[in-house]
Protein chains: 2
Amino acid sequence: MNISDVAERTGLPVKTIRYYEDIDLISPGRGANGYRQFSQADLHKLAFLGRARSLGFGIEACRSLLRLYNDQTRASADVKALAQEHLAEIDQKIAELGQMRDTLSHLIAACAGNDRPDCPILADLASDS
Amino acid sequence: MNISDVAERTGLPVKTIRYYEDIDLISPGRGANGYRQFSQADLHKLAFLGRARSLGFGIEACRSLLRLYNDQTRASADVKALAQEHLAEIDQKIAELGQMRDTLSHLIAACAGNDRPDCPILADLASDS
DNA sequence: TATAGGGGTTCCAGTTACTGGAGGGTCAAG
DNA sequence: CTTGACCCTCCAGTAACTGGAACCCCTATA
């Protein structure tokens, strides 16, 4: 299968698939013309990667997950630990963003949003607190 | 004032302050020895930038905010619009992260986390759905 | 057979907002 | 006069792609 078919089937951009080969997440074969030839296994790996990425796992975490997936002797505890670590990062980010949202929405609510120059948003940013 | 004093007072790393000069967010003077000389206005600007960044505004948004701040004829509506745009991005990110967290936490809950290889997390990632 | 299109390939640069490090000048104190 | 803490510039690297240039390959049609 050629790269654009794979892109369509996995939902990953062509560029991303090449990139994943570049960083050795996959190693598709090559045809006589130099074109990448994707096997079902490659397809499967890419789909796996796509789902892992969509859960927010970083590339290195994806590599680890793929390694664990291919390791029949893995302990599910290792997978769980990886996922929990990632979950903690997500929770952290959500907390940070939630804090930003709260502050920002208060400021926005306090701003008249008219053609006058006085603005509590700027006032807050400029405050010496 | 020298750069490390400014760093201490604003809470910004020295490197970041130099970077902000590099991208023309500030333009401190220079002493005869080539050292940056920060005025109160520079300090104030940096503090402003620090607070805007901590609310998650991107650098270009910070530049706009600074421009609005220095423009006595601004309309608060412009500031508010900028802030609302940013708030929408934050809400979007929170929604994405929340979705990830939900999926991930379900998977984690379903995983035994022992030394057996069977793992619903990997099973989900490998699913052909 | 010439050519046009729609593939495919590599490689390089740019994105965001810094951060680390090398290599080297400057200043104040003892 | 040396030592240590500053300061400077410039280069490279981070995460995960993305866009683009320059070029090759395959197939179909005029």
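A, B, ... follow the sequence lines: proteins, then strands. Residue 1 opens every chain.
- A:Y20 comes within 4.0 angstrom of sugar-phosphate atoms only, judged by non-hydrogen atoms across all strands, and of no base.
- Straight-line distance from the OH atom of B:Y19 to the P atom of D:dC10: 16 Å, rounded to whole Å.
- Contact annotation: B:R30 side-chain N/O to D:dT9 OP1/OP2 distance is under 4.0 Å.
- Residue A:Y35 has no polar side-chain atom (N or O) positioned under 4.0 Å from OP1 or OP2 of D:dC26.
- Here B:I3 lies in heavy-atom contact (under 4.0 Å) with sugar-phosphate atoms only.
- As rounded to whole Å, 10 Å separates atom P of C:dC27 from atom CG of B:N2.
- Residue order along DNA chain C, read from the 5' end via each residue's closest nucleotide, puts B:E60 first among B:E60 and B:K15.
- Side-chain nitrogen and oxygen atoms of B:N33 include at least one within less than 4.0 Å of the OP1 or OP2 phosphate oxygen of C:dC27.
- A:E96 has no carboxylate O lying under 4.0 Å from a charged side-chain N of A:K93, or vice versa, which leaves the two without a salt bridge.
- Atom CD1 in A:I59 sits roughly 5 Å away from atom P in D:dC17 (whole-Å rounding).
- Residues A:R30 and A:R36 meet the side-chain proximity criterion, which asks for heavy atoms closer than 4.5 Å.
- A:F57 places its CZ atom 17 Å from the C1' atom of D:dA15, with the value rounded to the nearest Å.
- The side chain of A:R36 contributes no N or O atom lying less than 4.0 Å from OP1 or OP2 of C:dG8.
- Salt bridge present: A:R63 and A:E60 bring a charged side-chain N and a carboxylate O closer than 4.0 Å.
- The closest donor-acceptor contact from the side chain of A:H86 to the backbone of A:A81 lies at 3.5 Å or more, if one exists at all.
- Between B:D22 atom CG and C:dT16 atom P there is a gap of 15 Å when expressed in whole angstrom units.
- Of the side-chain N and O atoms in B:S4, one or more sit less than 4.0 angstrom from OP1 or OP2 of D:dC7.
- In this structure, the nucleotide among D:dC8, D:dA16, C:dC18 sitting nearest to the side chain of A:R53 is D:dA16.
- Put simply, B:T16 has no side-chain N or O that comes within less than 4.0 Å of OP1 or OP2 on C:dA17.
- Per the geometry, CD belonging to A:E8 stands 11 Å off P belonging to C:dG8, to the nearest Å.
- The NZ atom of A:K93 sits 12 Å away from the P atom of D:dA15 (whole-angstrom rounding).
- A side-chain donor from one of A:D42 and A:S39 sits under 3.5 Å from a side-chain acceptor of the other.
- Atom CZ of B:R18 is separated from atom P of D:dT9 by 7 Å (rounded to the nearest Å).
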